[in-house]
Amino acid sequence: MPSHPLPPGLHPDTLAQRVAMERSQYGENSEALYLSSGYVQPSAEVSARRFGGEDEGFTYGRSGNPTVSSFEMRLAAMEGTEAALATSSGMSAVMLMLFSLLKAGDHVLYSQSMFGSTIKLIGSEFARFGVESSIVPQTDLAAWKAAIRPNTKLLFAETPTNPLTEVCDIQALADLAHNAGALLSVDNCFATPVLQRPMEMGADIVMHSGTKYLDGQGRVMAGALCASDALINGKCLPVMKNSGMVLSPFNAWVVLKGLETLDIRMRAQSARAHALALWLEQHPLVERVYYPGLPSHPQHALAMKQMSHVGGAVVSFDIKAANPEQARSQAFHVLDSLRVLSLCTNLGDTKTLLTHPASTSHGKLFEVQRQAAGIGQGLIRVAVGLEHVGDMQDDLLRGLDTL
Ligand SMILES: *Cc1c(COP(=O)(O)O)cnc(C)c1O
């Protein structure tokens with residue numbers, strides 16, 4: 001697809017404003033939203049070439065759309081990959097990746113701390129089609145190494161994880177994957193390309209839920225895969241054309257415009273998260289704070305190296321309690337006392353969102369599984385937005401001070 005003839009060597013924050021499809025004949029400054037399912041062909045000959053894949057023009061919405069292309073080009077530029085492919089949600093990006101890269105008898109290795117639906121999709125759904133998988137502890141490199149099999153084709157990691165912000169070593173996992181003839185995919189949802197560019201650390205595929213920070217204001221669902229031209233256009237695009245989990249042009253336009261402010265939002269939300277984490281760590285009723293920017297975080301040094309010295313915008317904390325029942329009722333009290341911040345299952349919004357993982361994202365696990373995963377009944381996740389930190393603290397104190 002043609003793009004503006006931008007000069008080489010532009011910085012990521014410039015690319016986030018400028019990479020997109022060429023302007024139309026009207027010269028619009030904000031990228032156009034092209035709502036069209038079909039495209040008029042200039043001639044039968046050109047149409048035949050487009051359908052044959054020899055010519056790049058648009059034909060039908062399941063195969064491509066100019067607004068969706070703009071989003072893909074811009075995200076690829078920000079991640080530093082040759083290409084990207086947008087999908088209807090983060091989970092459909094995972095599904096497209098698995099469909100495109102694996103067959104029955106192949107083996108996938110992934111962390112036990114990954115997003116819950118990712119674990120279900122690989123461990124249950126793809127298992128029905130003969131794709132084998134093993135789960136390993138997120139931060140135990142020796143366990144990753146020991147679990148590799150001759151048929152291992154894909155290592156899949158997420159860093160930092162939800163909700164405990166565990167960090168794994170991307171470069172070390174990439175080396176492990178490549179020595180085994182496998183690929184490494186990284187779910188970069190929590191850090192975004194502003195803080196972490198997995199490709200520069202050896203990853204082969206970067207996966208995104210665009211629903212989170214890329215949109216940034218909690219409006220639309222979106223997803224994407226970023227990788228080499230060979231993987232995206234050679235492996236994933238043909239599967240996409242026949243399966244159709246395409247991103248709608250409207251959602252692509254919202255997320256495309258979201259990318260323009262991603263850098264300042266990530267930095268401002270992370271600064272607030274850091275301040276909130278420091279404050280929570282001092283509170284007498286807080287047992288433990290999980291935040292990669294704190295020296296108390298087990299992978300603090302690695303996180304700072306990998307994430308541009310910024311801890312991200314998600315903070316989780318455990319409330320002190322004598323037993324799980326008390327922990328749960330105390331956590332519920334804090335959440336029910338909020339008057340400004342939202343009790344809401346999402347993250348990456350400019351509005352601060354709180355969740356109780358043990359009864360929501362991790363609610364279907366047995367208590368022993370939950371404990372093994374470190375998700376206590378007193379755990380609260382705060383996806384920090386852009387409100388004033390003092391107001392966030394006051395809202396949390398409404399509950400913490402009345403326990
Ligand atoms: C939300 C999320 C997903 C799934 O994305 P959807 O857009 O909800 O499908 C995957 N990974 C992580 C880390 C997420 O937070």
Is the backbone of [Y] close enough, under 3.5 Å, to the side chain of [X] for a donor and an acceptor to pair up by distance?
{"X": "Trp144", "Y": "Leu155", "result": "no"}
{"X": "His362", "Y": "Ala358", "result": "no"}
{"X": "Ser316", "Y": "Pro163", "result": "yes"}
{"X": "Arg74", "Y": "Leu256", "result": "yes"}
{"X": "His11", "Y": "Asp13", "result": "no"}
{"X": "Arg50", "Y": "Glu45", "result": "no"}
{"X": "Gln217", "Y": "Asp349", "result": "no"}

Whether the [X] and [Y] side chains hold a donor-acceptor pair (N or O, under 3.5 Å, no angle test) is what I'd like checked.
{"X": "Arg18", "Y": "Thr14", "result": "no"}
{"X": "Ser24", "Y": "Glu28", "result": "yes"}
{"X": "Gln138", "Y": "Ser113", "result": "no"}
{"X": "Glu367", "Y": "Gln377", "result": "yes"}
{"X": "Ser134", "Y": "His107", "result": "yes"}

- Message: Is it true that, when you exclude Lys145 itself, more than 12 heavy atoms of the residues, nucleotides or ligands shown sit nearer than 6.0 Å to its NZ?
- Response: no
Can you give me the closest heavy-atom contact between [X] and [Y], atom names plus distance?
{"X": "Glu260", "Y": "Ala16", "result": "CG-O, 3.4 Å"}
{"X": "Leu195", "Y": "Ser308", "result": "O-OG, 2.6 Å"}
{"X": "Pro66", "Y": "Tyr34", "result": "CB-CD1, 3.5 Å"}
{"X": "Ala174", "Y": "Leu184", "result": "N-CD2, 3.6 Å"}
{"X": "Val246", "Y": "Ser88", "result": "O-CB, 3.4 Å"}
{"X": "Ile170", "Y": "Ala203", "result": "CG2-CB, 4.4 Å"}

Could you tell me if the side chain of [Y] sits less than 4.5 Å from the side chain of [X], heavy atoms only?
{"X": "His300", "Y": "Leu294", "result": "no"}
{"X": "Cys226", "Y": "Ile205", "result": "no"}
{"X": "Leu379", "Y": "Leu164", "result": "yes"}
{"X": "Pro160", "Y": "Glu166", "result": "no"}
{"X": "Leu183", "Y": "Lys153", "result": "no"}
{"X": "Ile232", "Y": "Glu82", "result": "no"}
{"X": "Ile319", "Y": "Glu287", "result": "no"}
{"X": "Glu79", "Y": "Pro12", "result": "no"}

- Query: Given the rule in the salt bridge (charged side-chain N to carboxylate O under 4.0 Å, His left out) test, do Glu132 and Arg149 qualify, once you have shown the distances and angles that lead to the verdict?
  - Reply: CA-CA 10 Å; Glu132 299 169 18; Arg149 300 179 191 169; 2.8 Å; yes
Let me have the donor-acceptor pairs involving side chains of residues 94-105, under 3.5 Å, with sequence neighbours excluded, atom names and distances please.
| residue | atom | partner | partner atom | Å |
| --- | --- | --- | --- | --- |
| Ser100 | OG | Leu96 | O | 2.6 |
| Lys103 | NZ | Asp106 | OD1 | 3.2 |

- Are the aromatic ring centres of His297 and Tyr290 under 6.0 angstrom apart? no
- Would Phe156 and Tyr110 count as a close aromatic pair, with their ring centres under 6.0 Å? no
- Task: Test Glu325 against Arg328 for salt bridge (charged side-chain N to carboxylate O under 4.0 Å, His left out), laying out the working first.
- Result: CA-CA 5 Å; Glu325 293 73 38; Arg328 185 180 175 101; over 6 Å; no
- Item | ring-ring contact (aromatic ring centres under 6.0 Å, His included) evaluation trace for His356 with Phe332 | CA-CA 8 Å; His356 181 249; Phe332 278 23; 4.9 Å; yes
I'd like to know if [X] and [Y] make a salt bridge, using a cut-off of under 4.0 Å between side-chain N and carboxylate O.
{"X": "Glu31", "Y": "Lys257", "answer": "yes"}
{"X": "Arg272", "Y": "Glu387", "answer": "no"}
{"X": "Asp318", "Y": "Arg288", "answer": "no"}

- Does the salt bridge (charged side-chain N to carboxylate O under 4.0 Å, His left out) test come out yes or no for Arg267 and Asp263, once each step is laid out? CA-CA 6 Å; Arg267 292 182 197 285; Asp263 189 285; 3.0 Å; yes
- Message: Test side chain to side chain contact (heavy atoms under 4.5 Å, CB included) on Val382 and Thr352; report intermediate values, then the result.
- Response: CA-CA 7 Å; Val382 192; Thr352 297; 3.6 Å; yes
- Item | Partner residues of Asp187 under the side-chain hydrogen bond (donor to acceptor under 3.5 Å, both in side chains) criterion, sequence neighbours left out | none
